[in-house]
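Remember, it's a predicted structure, so these values are computed and weren't measured experimentally.
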Amino acid sequence: MTEFKSLDFDAMTPADFETYLPEFFANGDGHVSTDPRLQTFLKNNPDCAALVRDLEAIADQARSLFEPTEDQDPSDAVWSNIQNKLKQGAAGKDDLPIRNTV
């Protein structure tokens, strides 16, 4: 990992930024755009700022895929219906039609 204390953020070029970008994401909270050390650079380099915004949006969407929501868990009524159907299926398994094979 790179030691950012020795990095001159004011003299950084877009190429330098792209080199360090994965580490900026890995060492930060996932929001490079809020890093105070990069504010001037991002303001002066709109293409790099746009890249950061795009990557942050992708990262946020990816994180949201792993966050449980109340909508993902079936309600108690759904579980009750499943349980009832399973009980009905077990009780009526002798009622299944016989398949004729010719």
Side-chain angles (χ1 to χ4, degrees):
M1 291 220 174
T2 303
E3 182 60 46
F4 294 127
K5 291 178 184 174
S6 62
L7 187 60
D8 184 357
F9 289 91
D10 294 328
M12 186 170 32
T13 66
D16 295 335
F17 177 75
E18 288 182 21
T19 300
Y20 295 117
L21 186 57
E23 292 185 57
F24 290 146
F25 270 98
N27 292 326
D29 62 356
H31 290 88
V32 174
S33 62
T34 59
D35 188 327
R37 301 171 298 180
L38 294 170
Q39 295 305 302
T40 301
F41 174 82
L42 293 174
K43 181 180 172 188
N44 294 334
N45 295 278
D47 289 342
C48 292
L51 174 62
V52 167
R53 282 191 304 274
D54 290 347
L55 291 173
E56 287 176 344
I58 292 167
D60 287 341
Q61 288 295 318
R63 271 191 295 278
S64 73
L65 294 174
F66 296 102
E67 295 174 355
T69 64
E70 291 179 24
D71 296 341
Q72 291 177 334
D73 291 333
S75 68
D76 289 339
V78 170
W79 289 117
S80 293
N81 286 337
I82 292 170
Q83 188 176 24
N84 290 335
K85 294 291 183 183
L86 289 172
K87 286 179 185 176
Q88 290 173 359
K93 70 179 179 182
D94 294 334
D95 299 337
L96 293 176
I98 298 174
R99 226 173 133 191
N100 290 332
T101 57
V102 180

Give the table of side-chain donor-acceptor pairs shorter than 3.5 Å for residues 43-54, with sequence neighbours excluded, one pair per line with atom names and distance.
| unit_1 | atom_1 | unit_2 | atom_2 | d |
| --- | --- | --- | --- | --- |
| Asn44 | ND2 | Thr40 | O | 3.3 |
| Asn45 | ND2 | Phe41 | O | 2.8 |

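- In this structure, the side chain to side chain contact (heavy atoms under 4.5 Å, CB included) partners of Asp8, at least two apart in sequence or on a different chain, are Asp10, Ala11.
- Annotation for Leu7 and Met12: closest pair CD2-SD, 4.5 Å, computed over non-hydrogen atoms.
- For the side chain to side chain donor-acceptor pair (under 3.5 Å) test, residues two or more places apart in sequence or in another chain that qualify with Thr13 are Asp16.
- The distance from the CZ atom of Phe9 to the CG atom of Leu38 is 5.5 Å, given to the nearest 0.5 Å.
- Val78 is connected to Leu86 through a chain of hydrophobic side-chain contacts under 4.5 Å among Ile, Leu, Val, Met, Phe, Trp and Tyr, so both are in one cluster.
- Every residue two or more places apart in sequence or in another chain that forms a side chain to side chain contact (heavy atoms under 4.5 Å, CB included) with Asp60 is listed here: His31, Arg63.
- Taken to the nearest 0.5 Å, the CD atom of Gln83 stands 11.0 Å off from the CG atom of Asp76.
- The side chain to side chain donor-acceptor pair (under 3.5 Å) test applied to Glu56 returns Ser33, not counting sequence neighbours.
- Leu42 approaches Val32 most closely through the heavy-atom pair CD1-O, 4.3 Å.
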